[in-house]
Amino acid sequence: MDKDAKIYIAGHRGLVGSAILKKLKAEGFSNFVLRTHAELDLTDANAVAAFFAEEKPEYVFLAAAKVGGIVANNTYRADFIYANLMIQNNVVHQSYVNNVKKLLFLGSTCIYPKACPQPMKEDYLLTDTLEYTNEPYAIAKIAGIKLCESYNLQYGTNFISVMPTNLYGPNDNFDLEKSHVLPALIRKMHLGRALEAQDWTTVRKDLNERPIEGVDGKASESEIYSILEKYGVKKTDDKVSVEIWGSGKPMREFLWSEDMADACIFIMKSRNFEDTYAPAEKEIRNTHINIGTGKDLSIRELAESIKAMVGFEGPLKFNADKPDGTMKKLTDVSKLHGLGWKHQIDLEEGIKKMYDWYRSA
Ligand SMILES: NC(=O)C1=CN([C@@H]2O[C@H](COP(=O)(O)OP(=O)(O)OC[C@H]3O[C@@H](n4cnc5c(N)ncnc54)[C@H](OP(=O)(O)O)[C@@H]3O)[C@@H](O)[C@H]2O)C=CC1
Ligand SMILES: C[C@H]1O[C@H](OP(=O)(O)OP(=O)(O)OC[C@H]2O[C@@H](n3cnc4c(=O)[nH]c(N)nc43)[C@H](O)[C@@H]2O)[C@@H](O)[C@@H](O)C1=O
């Protein structure tokens with residue numbers, strides 16, 4: 001990728017897209033094509049065709065998607081399958097039509113079976129049934145892998161699929177219904193600590209930046225107590241508790257979003273489809289690459305670490321009415337390490353960076 005290469009980052013304001021843009025700029029790339037969701041709806045086939053025909057990007061990072069945590073995936077099932085299929089169909093097809101030199105498609109490790117052998121190798125794709133809470137999203141992502149692979153094999157394109165583990169970092173989603181676990185717990189513990197200390201300045205600032213169901217920092221104390229209780233930060237007598245969804249037993253792996261961006265750029269610059277394609281002795285020919293750290297911990301351990309980092313002192317309440325999802329999904333990262341990339345930021349450092357970013361944003 002030359003420094004003046006024309007690069008389209010789809011989803012450049014999201015968690016991963018913003019980290020890719022920041023890192024490419026820092027490396028001296030400057031010829032970007034960028035569109036917000038409002039400027040270009042990637043589910044609109046005609047609009048995407050017109051955009052590609054006009055802009056003719058050389059490289060495409062496909063980091064735009066309908067994304068959310070376990071409850072969002074389970075609730076908005078139709079939106080997750082429809083939007084993700086449409087976005088990737090439009091962007092991948094137009095990348096082929098307009099001779100894009102290389103495209104990187106971002107999937108997710110939820111493509112693997114619910115009871116997958118651990119750690120999960122790329123070859124375990126399509127070997128068993130999926131976790132139901134995110135099945136529609138996972139099926140869209142599997143279709144994305146096979147879309148890229150099929151265009152490569154039939155038309156000789158150079159489209160690479162990467163499957164990241166759970167990600168977190170600057171510009172994450174902190175919506176307490178729709179977000180992933182790590183940003184949700186940072187926010188809940190931050191609010192819990194502020195309520196413990198009766199620090200209303202911090203509580204009101206948080207709600208002004210990210211109102212919940214229209215409740216912002218100008219609301220009365222009783223309105224604030226009631227909305228926070230609904231989202232799992234509850235004051236009873238002199239104690240504040242924070243709710244953790246599920247049993248706390250599921251194991252999860254987390255990767256800092258800027259490491260994810262680094263992996264994406266590394267692969268875009270130095271690897272081609274052939275490097276990822278092992279004509280298999282087996283029935284399934286897998287061409288995607290897992291991106292992760294290869295280390296996991298339980299949700300209870302994660303909650304305890306965040307609690308210590310934030311300085312929240314109240315009890316954690318586990319809510320069994322919320323889903324656990326997959327019990328374990330640890331990536332096998334030997335293919336990625338073999339290609340020459342390894343993560344830099346471990347979880348403890350990442351949680352600290354995340355909380356620093358959250359407080360300063
Ligand atoms: N976050 C995570 O833990 C994980 C993410 N991934 C994958 O990584 C990729 C990036 O995710 P992440 O950065 O977290 O997601 P974000 O939700 O942070 O960002 C997604 C971006 O896509 C844009 N977008 C969504 N729908 C459309 C649309 N119809 N037209 C145009 N733009 C659209 C969003 O714009 P707007 O906000 O304006 O709608 C946003 O900028 C996705 O493919 C995701 O599936 C995989 C595993 C884990
Ligand atoms: C990235 C990945 O993200 C999703 O899968 P997930 O890993 O299950 O995602 P999650 O981060 O929402 O939850 C992880 C675990 O944590 C528990 N948990 C506790 N307390 C909270 C909580 O407050 N919020 C959330 N969201 N989860 C909580 C929660 O119950 C679950 O056991 C899919 O979208 C999937 O498609 C996908 O790709």
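A quick note: this is a predicted structure, and the numbers were derived from the prediction, not measured. For ligands, and for the atoms within them, numbers begin at 1 and follow the listed sequence. Note that these values count all heavy atoms, side chains included, but never hydrogens, waters or copies made by symmetry.
The aromatic rings of His93 and Tyr151 lie perpendicular to each other, with more than 60° between the two planes, well past the 30° mark.
With a 4.0 Å heavy-atom cut-off, ligand 2 is reached by the backbone of Ser179 but not by any atom from C-beta on. Residue-level proximity to ligand 2 for Ala72 is absent, since no heavy atom of it falls below 4.0 angstrom.
Of all protein heavy atoms, the one closest to atom 35 (C) of ligand 2 is Asn134 ND2, 3.3 Å. Protein heavy atom closest to atom 11 (O) of ligand 1, with residue, atom name and distance, is Val67 CG2, 3.8 Å. The nearest protein atom to atom 32 (O) of ligand 2, hydrogens excluded, is given as Asp324 O, 2.6 Å; this is a heavy-atom distance. Of the protein's non-hydrogen atoms, Leu106 CD2, 3.7 Å is the one closest to atom 8 (O) of ligand 1. Scanning all protein heavy atoms for the shortest distance to atom 7 (O) of ligand 2 gives Arg252 NE, 2.7 Å. Regarding atom 28 (C) of ligand 1, its nearest protein heavy-atom neighbour is His37 NE2, 3.2 Å. Protein heavy atom in closest approach to atom 5 (O) of ligand 2: Lys329 NZ, 3.5 Å. Trp245 N, 3.0 Å is the protein heavy atom nearest to atom 20 (N) of ligand 2. Here the heavy atom of the protein found nearest to atom 3 (O) of ligand 2 is His180 CD2, 3.1 Å. Protein heavy atom at the shortest distance from atom 23 (O) of ligand 2 is Lys188 NZ, 2.8 Å. In this structure, the protein non-hydrogen atom closest to atom 10 (C) of ligand 1 is Ala63 O, 3.3 Å. Scanning all protein heavy atoms for the shortest distance to atom 34 (O) of ligand 2 gives Asn73 ND2, 2.4 Å. Shortest contact from atom 12 (P) of ligand 1 to any protein heavy atom: Leu15 CB, 3.9 Å. Protein heavy atom nearest atom 30 (N) of ligand 1, with residue, atom name and distance: Leu42 N, 2.9 Å.
A donor-acceptor pair shorter than 3.5 Å can be found between the side chains of Thr331 and Glu253. Looking only at atom types and distance, the side chain of Asp346 has no donor-acceptor partner in the side chain of Trp256 under 3.5 Å away.
Taken from CG in Leu167 to CG in Leu255, the straight-line distance is 5.5 Å, to the nearest 0.5 Å.
Because its NZ or CZ atom is both nearer than 6.0 Å to the ring centre of Phe318 and within 45° of the ring axis, Arg300 counts as a cation-pi partner of that residue. Cation-pi geometry between Arg252 and Phe254 is not met: the NZ or CZ atom fails to fall both under 6.0 Å from the ring centre and inside 45° of the normal. With a 6.0 Å cutoff to the six-membered ring centre and a 45° limit on the axis angle, Arg77 counts as a cation-pi contact of Tyr132.
Listed by number with element, the atoms of ligand 1 under 4.0 Å from a non-hydrogen atom of Gly11 are 21 (C), 22 (O), 41 (O). Residue Ile299 approaches ligand 2 through these ligand atoms, each under 4.0 Å from one of its heavy atoms: 15 (C), 16 (O), 19 (C). The atoms of ligand 2 that sit less than 4.0 Å from any heavy atom of Pro250 are 32 (O). Contact atoms of ligand 1 toward Leu40: 30 (N), 31 (C) (distance under 4.0 Å to a heavy atom of the residue). Each of the atoms 37 (C), 38 (O) of ligand 2 lies under 4.0 Å from some heavy atom of Ser108.
For atom 37 (O) of ligand 1, the nearest protein heavy atom lies 4.0 Å away or farther. Within 4.0 Å of atom 34 (C) of ligand 1, not a single protein heavy atom is present.
Between the choices Pro164, Gly14, Ala261, the shortest heavy-atom distance to atom 47 (C) of ligand 1 belongs to Pro164. Counting heavy atoms only, Gly107 comes closest to atom 7 (C) of ligand 1 of the residues Gly107, Ala64, Ala38. Summarising the contacts of atom 25 (C) of ligand 1 with Ala65, Ala83, Cys264, Gly169, the nearest heavy atom is found in Ala65. Which of Tyr168, Phe80, Tyr137 comes nearest to atom 45 (O) of ligand 1 through a heavy atom is settled by distance: it is Tyr137.
Residue-ligand proximity: Leu62 is placed with every non-hydrogen atom at 4.0 Å or more from ligand 1.
Looking at Leu167 next to ligand 1, an N or O pair under 3.5 Å apart turns up. When only interatomic distances are considered, the shortest N/O to N/O separation between Asp41 and ligand 1 falls below 3.5 Å. Note: no N/O pair closer than 3.5 Å links Ile244 and ligand 2 by distance alone.
Here the side chains of Ile87 and Val48 are not in contact, with every heavy-atom distance at 4.5 Å or above.
Side-chain N or O atoms of Glu209 include none that pairs as donor or acceptor with a backbone N or O of Asp206 at under 3.5 Å. For Glu122 (side chain) and Lys335 (main-chain N/O), no donor-acceptor pair under 3.5 Å exists by modelled atom type.
Under the ring-ring contact (aromatic ring centres under 6.0 Å, His included) test applied with Tyr8, the options Tyr59, Phe32, Phe51, Phe29 reduce to a single match, Phe51.
Val181 and Val310 fall within a single hydrophobic cluster, where Ile, Leu, Val, Met, Phe, Trp and Tyr are joined by side-chain heavy atoms under 4.5 Å apart, directly or via other members.
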